[in-house]
A.B. asks: 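Below is the structure I would like to discuss, written out as structure tokens.
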Amino acid sequence: MMKFREKFLQGINLFINRVYIPRELHAMKRPILMHISDTPEEIYPYLYQVIKELKPEYLIHTGDLVDNIKLELLPELEADYQKSLEEFIENIERNNIQKIYYITGNHDKKEKIKSLTEKGEVLQEGLVEIEGRKFYLNHHFIEEKPKVDYYLYGHSFEPQSKDTDGEIRLNGLEAMSVISLKNQEIRTLPYPLGTNGFRKMDRNYQGL
């Protein structure tokens, strides 16, 4: 459990919109995997700094890479989406990450992500194996799927993250998750203040 001092420092830094990585995360056994989802461009600099400091070997994004642009509802903003998408992928992939998975959300263009990525694998959904662990990746939560070690998703605040029948479900809207693939330890980092506002969502809304 995170010590009081670490929680206090994390809270203060979050309040002033500065990245703070608790010691417990720095001490996690390698390799580590980071899961994020539904990322508005207003929080990109924060995410870049987190990734730079954590140095995850694996990164999974479960969709809506430019979540402040609701492309499914406003297709006329496609040029703005592509510009922001290009910046995001370029900055993410300049890090020394072994493998990146981009899961397409309802506000993403799969072919545009494919055309921009050099390191990433682009999927609509699917089963992948990483360091001997099975992951099911999807933007929308679904019940009918194979049994896996980890189920990663986003899009809506429900269902929440939980450990159920030996399967760990992680909702990428709640927080950034960091998993040690060595000993299965899981830690979370909060998104910066205002993230849900930039997403045009709140916890009473089930997703756009």
A.B. asks: Whether K52 engages the ring of Y48 as a cation-pi pair (distance to the six-membered ring centre under 6.0 angstrom, angle to the ring normal within 45°) should be assessed.
C.D. replies: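 Negative - K52 is either too far from the ring of Y48 or too far off its axis.
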A.B. asks: Is the shortest side-chain heavy-atom distance between I32 and Y58 below 4.5 Å?
C.D. replies: no
A.B. asks: Going by heavy atoms in the side chains, are Y101 and V128 under 4.5 Å from each other?
C.D. replies: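 Yes; the side chains approach each other to less than 4.5 Å.
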A.B. asks: Any side-chain heavy atom of N106 within less than 4.5 Å of one from H140?
C.D. replies: yes
A.B. asks: Does the Lys NZ or Arg CZ of K109 fall within the cation-pi geometry relative to Y81 - under 6.0 Å from the ring centre and within 45° of the axis?
C.D. replies: no
A.B. asks: On the ring face of Y136, is R169 found with NZ or CZ under 6.0 Å from the centre and within 45° of the axis?
C.D. replies: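 Verdict for Y136: no cation-pi partner in R169.
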A.B. asks: Evaluate I168 against D149 for side-chain contact (heavy atoms from CB on, under 4.5 Å), listing each step before the verdict.
C.D. replies: CA-CA 6 Å; I168 298 172; D149 299 302; over 6 Å; no
A.B. asks: Looking at E121, E129, E93, E57, which one forms a salt bridge (Lys or Arg N to Asp or Glu O under 4.0 Å) with K99?
C.D. replies: E121
A.B. asks: So if you build clusters from Ile, Leu, Val, Met, Phe, Trp, Tyr with side-chain heavy-atom gaps below 4.5 Å, do I69 and L65 land together?
C.D. replies: yes
A.B. asks: List the atom of T104, the atom of H139, and the distance in Å for their closest heavy-atom pair.
C.D. replies: O-CB, 3.7 Å
A.B. asks: Check whether the side chains of H155 and D64 place a donor and an acceptor atom closer than 3.5 Å, and report yes or no.
C.D. replies: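 The criterion, which ignores hydrogens and geometry beyond distance, is not satisfied for D64 and H155.
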A.B. asks: Take R94 and E90, measure what salt bridge (Lys or Arg N to Asp or Glu O under 4.0 Å) needs, and give me the verdict at the end.
C.D. replies: CA-CA 6 Å; R94 66 176 50 173; E90 180 181 344; 3.5 Å; yes
A.B. asks: With a 4.5 Å cut-off on side-chain heavy atoms, are E42 and N68 touching?
C.D. replies: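 Side-chain contact under 4.5 Å: yes.
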A.B. asks: Could you tell me which non-hydrogen atom of S84 sits nearest to which non-hydrogen atom of Y44, and how far apart they are?
C.D. replies: O-CE1, 3.8 Å
A.B. asks: Tell me if the CG atom of N96 is crowded by more than 12 foreign heavy atoms within 6.0 Å.
C.D. replies: no
A.B. asks: Could you measure the distance from the OG atom of S37 to the CG atom of D67? Nearest 0.5 Å is fine.
C.D. replies: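 Atom-to-atom, S37:OG and D67:CG are 8.0 Å apart.
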A.B. asks: If I take atom CG from residue L193 and atom OG1 from residue T195, how far apart are they, to the nearest 0.5 angstrom?
C.D. replies: 7.5 Å
A.B. asks: Test of understanding: clusters of I, L, V, M, F, W, Y form through side-chain heavy atoms closer than 4.5 Å, transitively. Do F141 and F157 belong to the same one?
C.D. replies: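 Different hydrophobic clusters.
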A.B. asks: Whether E167 and K145 form a salt bridge (side-chain N of Lys/Arg under 4.0 Å from carboxylate O of Asp/Glu) is what I want to check.
C.D. replies: yes
A.B. asks: Going by side-chain contact (heavy atoms from CB on, under 4.5 Å), Y191 matches just one of I36, N196, D38. Which one?
C.D. replies: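 The option that passes is I36.
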A.B. asks: Tell me, with the steps shown, if F88 and H61 meet ring pair (Phe, Tyr, Trp, His ring centres under 6.0 Å).
C.D. replies: CA-CA 12 Å; F88 183 66; H61 194 304; 5.8 Å; yes
A.B. asks: So how far is it from L71 CG to K112 NZ, rounded to the nearest 0.5 Å?
C.D. replies: 9.0 Å
A.B. asks: Starting from L127, can I reach I179 by hopping between I/L/V/M/F/W/Y residues whose side chains sit under 4.5 Å apart?
C.D. replies: no
A.B. asks: side-chain contact (heavy atoms from CB on, under 4.5 Å) between T117 and V122: does it pass, once the steps are laid out?
C.D. replies: CA-CA 9 Å; T117 182; V122 185; 4.0 Å; yes
A.B. asks: Name the orientation class of the two ring planes belonging to Y150 and F135 (parallel below 30°, tilted from 30 to 60°, perpendicular beyond 60°).
C.D. replies: parallel
A.B. asks: Check whether any side-chain heavy atom of L59 sits under 4.5 Å from a side-chain heavy atom of L33, and report yes or no.
C.D. replies: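 With C-beta onward as the side chain, the pair stays apart.
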A.B. asks: Start with the C-alpha gap between E24 and R187, add the side-chain angles, then the distance that decides, and say whether side-chain contact (heavy atoms from CB on, under 4.5 Å) holds.
C.D. replies: CA-CA 8 Å; E24 288 89 345; R187 299 281 180 176; 3.7 Å; yes
A.B. asks: In terms of hydrophobic clusters joined by side-chain contacts under 4.5 Å, are I43 and Y102 together?
C.D. replies: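 As far as the 4.5 Å side-chain criterion goes, Y102 and I43 are connected within one cluster.
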A.B. asks: How far apart are the C-alpha atoms of T164 and Y151, what are their side-chain angles, what is the distance that settles it, and do they pass the side-chain contact (heavy atoms from CB on, under 4.5 Å) test?
C.D. replies: CA-CA 10 Å; T164 174; Y151 182 19; over 6 Å; no
A.B. asks: Tell me the closest heavy-atom pair linking E185 and M28, and the distance in Å.
C.D. replies: O-CE, 3.4 Å
A.B. asks: Using modelled atom types and a 3.5 Å cut-off, is there a donor and acceptor pairing between side-chain atoms of H107 and backbone atoms of E72?
C.D. replies: yes
A.B. asks: For the NZ atom on K162, are there more than 12 heavy atoms of other groups (residues, nucleotides or ligands in this structure) within a distance under 6.0 Å?
C.D. replies: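 Open.
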A.B. asks: Between I97 and L116, is there shared hydrophobic-cluster membership here, with clusters defined by ILVMFWY side-chain heavy atoms closer than 4.5 Å?
C.D. replies: yes
A.B. asks: Does K110, at its NZ atom, have more than 12 non-hydrogen atoms belonging to other residues, nucleotides or ligands within less than 6.0 Å?
C.D. replies: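 Atom NZ in K110 is crowded, with more than 12 foreign heavy atoms closer than 6.0 Å.
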A.B. asks: So how far is it from I113 CD1 to I89 CD1, rounded to the nearest 0.5 Å?
C.D. replies: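 Those atoms lie 6.0 Å apart.
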A.B. asks: For atom NZ of K134, decide whether the heavy atoms of other residues, nucleotides or ligands shown that lie under 6.0 angstrom number more than 12.
C.D. replies: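 It does not: K134 NZ has 12 such atoms or fewer within range.
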A.B. asks: At what distance, to the nearest 0.5 angstrom, does CD1 of I21 lie from CD of Q49?
C.D. replies: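 I21 CD1 to Q49 CD: 8.5 Å, rounded to 0.5 Å.
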A.B. asks: Where do Y153 and S161 come nearest, in terms of heavy atoms and distance?
C.D. replies: OH-N, 4.1 Å
A.B. asks: Any side-chain heavy atom of M201 within less than 4.5 Å of one from L173?
C.D. replies: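 M201 vs L173: side chains touch.
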A.B. asks: Are T62 and N138 close enough that some pair of their side-chain heavy atoms sits under 4.5 Å apart?
C.D. replies: no
A.B. asks: Quick one: are M176 and M34 in side-chain contact, heavy atoms under 4.5 Å?
C.D. replies: yes
A.B. asks: Rounded to the nearest 0.5 Å, how far apart are CG of N91 and CD of E86?
C.D. replies: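 Taking CG in N91 and CD in E86, the distance rounds to 10.5 Å.
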A.B. asks: Decide yes or no on side chain to side chain donor-acceptor pair (under 3.5 Å) for N171 and Q160, but give the supporting numbers first.
C.D. replies: CA-CA 6 Å; N171 185 333; Q160 297 179 350; over 6 Å; no
